[in-house]
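The block underneath contains the structure these notes are about, expressed in structure tokens.
Chain naming here is simple, since letters A, B, ... match the order of the sequence lines and numbering starts at 1 in each. Worth saying up front: this structure is predicted, and the values here are computed from it rather than measured.
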Amino acid sequence: MLGIIDCNNFFASCERCFDPSLLGKPIVVYSNNDGCVIARSEEAKALGIRMGMPAFELKDIVKEHPVRMFSSNYTLYGDMSRRIKHMINQFSPRVEDYSIDESFIDLSGLDLINLFDYVKNMRDKITQDSGIPVSIGVASTKTLAKIANRFSKKQFRAVGVFIIDTESTRIEALKATKVEDIWMVGRRISSKLNAKGIFTAFDLSNVSPSWARTNFSVVLEKTVYELQGRLCIPLEEKSKNKQHIASQKSFGSLQTELEPIAEALANYTARVAEKLRQQQSVAGGIEIWLGTNNFSKTDKQYFPKISTRCDIPTDFTPYLIKLAMEALKSIYKTGFKYKRVGIMLIDIRGKCDGTLNMFHSVNRDKQDKLIYQLDRINMINGRDTLKSAQQGFSSSWKMKQNHLSRKYTTKLSDIIQIS
DNA sequence: TCTGGGGTCCTAGGACCC
DNA sequence: TCTGGGGTCCTAGGACCC
């Protein structure tokens, strides 16, 4: 058996955790730029606030009801996530870190008679000790465990645990689940399934896996097997290194000049390079893109993209920034109102198996020592204490965060930065 | 006026090899 | 008039996840 532990309304719960006056109140957490809703408390859901709802559509609801709004505070959520994962590790030797608010756990070897007690205790303890309510679904496959988790939230909220451990429970759960609510079945696939007369998870569990593969994909084939109780998607304990590392953000206001866009891009490049070094990799190239506001009906649209290669695979921020600046200049054109810029590191590989260029004489040791000291200084003193001049000091491009909460759980230097 | 950001895997088609 | 068969690698786009 395996389980999935999922934090309820995670971002909203994190905000509430540090402000008891928010108990029982509708809370929403906004995306970057305070653009749209990405998390809601139960009370907010009850008011009809939908996931992804643009902020301006909330205006009327907010007038009528005291909705508390928050800009997303990933420093806080990331740290809470780290704490909860630490607790989860006390309950199972094998854990897969699946997302910021979800973990799969191996529950094999537990006597079935005690399974419920064990999981229930785990759920209560984590909820109590972290201050974030969690729900646990348990079954023989990941796909079924996800369905069990939905049940634990919907039908068995007070308990917070649901286990699919008998054939009759499995069938009952599948019959009560629509295809669009199955993990790995999105909007496109579910509407195609509906057109073929398949509406519930139970319907889908009765098709032949090879039919699913022929008519859809190997992904849906695995889903069918997993609904039948046959494990196809194993637990992955070791988190793999990223193959792409990207950063893109919408500007706080539309930009027309090159300079602020270049400054923003230099900052995003510094971020992705930092992440690259954290996983001890180097990148063989970069991809840069630029975009106008695609929601606008009147603005001229322009979405250029370009990729370039490094002379030798590298993790050296100044070099990557230089490359990014050259790429940006080659796609930037005047006469457009730009909404976002982004960078992706591509062709990522381990630092040690990076290829050398026999015609290139860069002193890598020197670069490594320099960037190591930069990372060290920034870790101790706070992000961007030491940075590239190209990253600049202007703020015209920076995102809107008008409802940001405190970084309650992390270092002083971070807290000082927001004030 | 105002609509997020960061990922993965799979597949089809093109370009190339012998 | 009639022109093979078996591969690999790369890329772009689609679908999905949180």
From the list T223(A), V224(A), V218(A), L220(A), side-chain contact (heavy atoms from CB on, under 4.5 Å) partner of P209(A) resolves to V224(A)
query = Should the pair Y302(A) and F336(A) be assigned to parallel (<30°), tilted (30 to 60°) or perpendicular (>60°) ring geometry?
reply = parallel
Q | Aromatic ring pairing H403(A)/Y30(A), orientation class (parallel under 30°, perpendicular over 60°, tilted between) | A | tilted
Worksheet item: So what does D34(A) touch, heavy atoms closer than 4.0 Å: a base, only the sugar-phosphate, or nothing?
Response: nothing
| message | Given 3.5 Å as the limit, does a donor-acceptor pair link the side chain of Q390(A) with the main chain of A266(A), or not? | response | no
In terms of heavy-atom contacts, S72(A) and S31(A) come closest through OG-C, 3.6 Å
Which of S394(A), S396(A), S395(A) passes side chain to side chain donor-acceptor pair (under 3.5 Å) with E263(A)? Answer is S394(A)
Any donor and acceptor pair, going by atom type alone, linking the side chain of R16(A) with main-chain N or O of L22(A) inside 3.5 Å?
-> yes
Comparing S247(A) with F216(A), nearest DNA chain B nucleotide closer to 5' gives the residue S247(A)
Walking DNA chain B from its 5' end, the first of S217(A) and K249(A) to be reached, judged by nearest nucleotide, is K249(A)
To the nearest 0.5 Å, atom CE of M69(A) lies from atom CD1 of I27(A) at 12.0 Å
Between S190(A) and V185(A), is there a donor-acceptor pair closer than 3.5 Å when you use the side chain of the first and the backbone of the second? no
Expected list for residues 54-72 of chain A near DNA chain B, using heavy atoms below 4.0 Å, is P54(A), F56(A)
Under a 4.0 Å heavy-atom cutoff, the residues of residues 179-202 of chain A touching DNA chain B are none
Checklist entry - Across the strands shown, which category fits Y98(A) at heavy-atom distances under 4.0 angstrom: base, sugar-phosphate, nothing? => result sugar-phosphate
Backbone N/O of S135(A) and side chain of N149(A): donor-acceptor pair under 3.5 Å
yes
The first and last nucleotides of DNA chain B lying within contact of chain A, meaning any atom under 4.0 Å from one of its heavy atoms, run from dC2(B) to dT11(B)
The correct set of residues in residues 220-241 of chain A placing a heavy atom under 4.0 Å from DNA chain B is none
Under a 4.0 Å heavy-atom cutoff, the residues of residues 250-276 of chain A touching DNA chain C are none
So the stems of DNA chain C, runs of at least three Watson-Crick or G-U pairs (under 3.5 Å), are B:5-18 with C:5-18
* To do: For the pair R277(A) (side chain) and D315(A) (backbone), establish whether a donor and an acceptor sit closer than 3.5 Å, ignoring hydrogens and angles.
  => yes
Query raised in the report: What nucleic acid atoms does K339(A) come within less than 4.0 Å of, heavy atoms only: base, sugar-phosphate, or nothing?
Result: sugar-phosphate
